[in-house]
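Report on the structure given below.
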Amino acid sequence: MIRTIAALGALAAVWPATALAQDAEPLTVIHAGHLIAAPGEERVREGVSILVRGDEIEAIENGYVTPDGAEVVDLSDSWVMPGFIDAHVHITNQQGAGRRISAFTEGTADRTIDGVMYAGRTLMAGFTTVQDVGGDIEAVRALRDGVETGDIVGPRLRIAGGAVTPTGGHGDANGWSVEVLRANGSPYACNGADDCARAVRQLVQEGADVIKITATGGVLSSTGAGVEQQFFQEELEAIVGAAHMMGRRVTAHAHGVTGINAFLRAGGDSVEHGTYLDRESIRLFRDNDAVLVPTVMAGEWVANQADAGWMTPFQAAKARVVGPQMIEMVRRAHEGGVTIAFGTDSGVSAHGDNAREFLLYTQAGMTEMEALATATTVGARHVRLEDEIGRIAPGFSADIVATNGDPLSDIEELMDIDFVMARGVVHKNEE
């Protein structure tokens with residue numbers, strides 16, 4: 001028995017090295033000419049090596065190193081950054097002529113297939129994480145899980161499923177015959193505090209990572225109900241309370257100032273759009289440590305499409321008025337010290353064009369570095385993944401993108417991404 005124990009001890013002494021030699025995942029080394037590792041928090045580093053093991057960043061070393069057996073990716077002439085985060089997409093659809101009808105002629109399977117296509121386009125644009133805030137829960141669950149297992153090529157997903165909405169609100173069926181409305185109303189439409197808490201709990205049960213609500217009317221709902229507050233205060237408080245009890249944050253689609261401020265007073269965590277925010281809104285954002293996700297691209301897009309002929313009269317009228325307001329809203333929010341996270345509402349505008357939002361932020365007064373931070377360090381905190389994504393650092397997910405030009409001198413470089421690595425796998429490398 002003593003000899004056996006001794007033999008096992010000797011085997012244990014050599015086993016770790018042997019096992020590591022046999023089982024260690026391949027090492028990839030990125031030679032980064034200019035590294036923006038933590039946008040808005042660290043200076044640009046020149047001439048470094050990023051060591052990637054499996055799906056994680058293992059180390060960052062000064063100079064260009066080439067360990068034995070490592071695969072080298074030469075980005076020595078490139079600007080290297082963390083993969084981008086878009087906190088507001090609709091990954092399973094895209095607006096345009098015929099969209100109102102296709103919502104009825106297509107089912108969950110169709111939306112899932114479309115989502116695979118749009119997810120691929122989004123990833124190739126440099127967005128390695130997205131938050132889907134308003135989609136078919138079964139379709140987005142399938143996409144989220146498929147990306148997680150590696151069966152689908154796309155960005156990491158956080159999902160909301162359908163929006164909690166008042167009956168007849170922006171997230172419900174609108175603009176159809178009574179028979180159609182009754183047959184196709186949202187299962188998350190609610191009336192009264194108790195019913196709204198029920199809708200939140202149902203979404204958590206169905207797999208939602210975050211709760212999205214429609215605190216005001218919206219542009220693309222075919223109704224003349226305006227864009228101001230549509231929930232009662234007690235309903236908003238019930239939604240936020242139920243979500244927080246179940247470990248979920250709440251984000252609100254909100255254009256009108258009455259809905260923005262009511263939601264923030266109820267303890268809401270973030271606001272999508274925020275078109276008509278005012279000084280009181282800015283105070284509430286700061287006091288509550290709440291986040292604004294502006295989606296300026298969506299405002300620009302609906303304004304440009306208002307006279308294209310496919311919108312209903314209600315939609316077109318709102319698009320002409322609301323869309324042009326959004327870039328100045330970002331300017332006011334930024335000057336007021338509101339925390340801004342990147343979000344495009346892609347699915348309204350085209351998937352894959354997401355990076356145009358960076359340009360619009362700089363037009364609203366942000367520096368290039370501030371704009372880049374909205375989709376990296378700030379965006380990671382917003383989606384509650386700040387210990388995993390949003391920066392290039394040891395132990396973080398190997399989500400890495402690069403451009404051949406300097407985005408801090410020309411933000412439009414981010415609209416032409418040349419290299420994409422997601423979770424350690426290179427999906428694009430245009431040398």
Side-chain angles (χ1 to χ4, degrees), residues 25-30 32 35-42 45 48 50-60 73 80-89 91 119 122-133 140-141 143-160 204 207-212 246-251 269-270 289 291 293 339-344 354 372-402 417 419-428:
E25 295 180 274
L27 179 66
T28 300
V29 178
I30 298 172
L35 175 62
I36 311 174
E41 298 179 8
E42 297 180 5
R45 297 175 62 178
V48 301
I50 306 167
L51 280 63
V52 174
R53 180 87 65 183
D55 60 1
E56 286 190 358
I57 297 164
E58 184 175 87
I60 301 175
V73 177
V80 180
M81 299 154 281
F84 305 141
I85 304 158
D86 189 334
H88 188 136
V89 303
I91 203 70
T122 302
L123 182 64
M124 293 304 104
F127 289 82
T128 54
T129 299
V130 298
Q131 185 159 268
D132 187 286
V133 285
V140 292
R141 273 183 60 172
L143 289 168
R144 178 189 64 186
D145 297 347
V147 170
E148 181 67 25
T149 59
D151 295 328
I152 294 173
V153 174
R156 175 189 295 101
L157 274 99
R158 281 171 51 85
I159 63 171
V204 173
D209 299 308
V210 61
I211 301 299
K212 193 264 186 86
M246 302 190 82
R248 302 300 191 274
R249 291 188 183 181
V250 186
T251 195
D269 301 293
S270 56
D289 197 25
V291 176
V293 183
T339 299
I340 296 174
F342 187 102
T344 61
N354 311 54
L372 183 56
T374 67
T376 52
T377 49
V378 177
R381 289 192 293 272
H382 171 56
V383 300
R384 306 183 78 177
L385 293 173
E386 65 269 30
D387 295 328
E388 183 178 352
I389 62 172
R391 64 185 66 229
I392 296 175
F396 277 66
S397 180
D399 297 341
I400 299 170
V401 302
I417 293 296
F419 174 85
V420 177
M421 171 184 278
R423 296 167 295 284
V425 177
V426 175
H427 294 279
K428 183 178 185 181

Under 3.5 Å donor-acceptor pairs involving side-chain atoms of residues 384-396, not counting sequence neighbours:
residue : atom : partner : partner atom : Å
R384    : NH1  : G247    : O            : 3.1
R391    : NH1  : E41     : OE1          : 2.9
R391    : NH2  : E41     : OE1          : 2.9
R391    : NH2  : E41     : OE2          : 3.2

Could you check whether any side-chain N or O of [X] sits under 3.5 Å from a backbone N or O of [Y], counting only pairs where one atom can act as donor and the other as acceptor?
X: D399; Y: A422; result: no
X: D132; Y: L157; result: no
X: R248; Y: A208; result: yes
X: D55; Y: G424; result: no
X: K212; Y: A160; result: no
X: K428; Y: M124; result: yes

Measuring from atom [atom1] of [X] to atom [atom2] of [Y], what distance do you get when rounded to the nearest 0.5 angstrom?
X: T251; Y: H382; atom1: OG1; atom2: NE2; value: 5.0 Å
X: I400; Y: I30; atom1: CD1; atom2: CD1; value: 4.0 Å
X: L123; Y: R156; atom1: CG; atom2: CZ; value: 10.5 Å

Nearest non-hydrogen partners of [X] and [Y], listed with the distance:
X: P155; Y: T129; value: CB-N, 3.7 Å
X: A398; Y: I57; value: CA-CG1, 3.9 Å
X: D269; Y: V250; value: OD2-N, 2.7 Å

(request) Under the ring pair (Phe, Tyr, Trp, His ring centres under 6.0 Å) rule, collect the residues that match up with F342, sequence neighbours excluded. (result) F127, F358, Y361
(request) Decide side chain to side chain contact (heavy atoms under 4.5 Å, CB included) for V89 and T344; before the verdict, give the C-alpha distance in whole Å, the side-chain angles of both, and the deciding distance to 0.1 Å. (result) CA-CA 6 Å; V89 303; T344 61; 4.2 Å; yes
(request) Establish, from distance only, whether the side-chain atoms of R381 and T339 form a donor-acceptor pair under 3.5 Å. (result) no
(message) Do F419 and V401 have side chains that approach each other closer than 4.5 Å (heavy atoms only, starting at C-beta)?
(response) no
(message) Could you work out, with salt bridge (Lys or Arg N to Asp or Glu O under 4.0 Å) as the rule, every residue matching R144, not counting sequence neighbours?
(response) D209
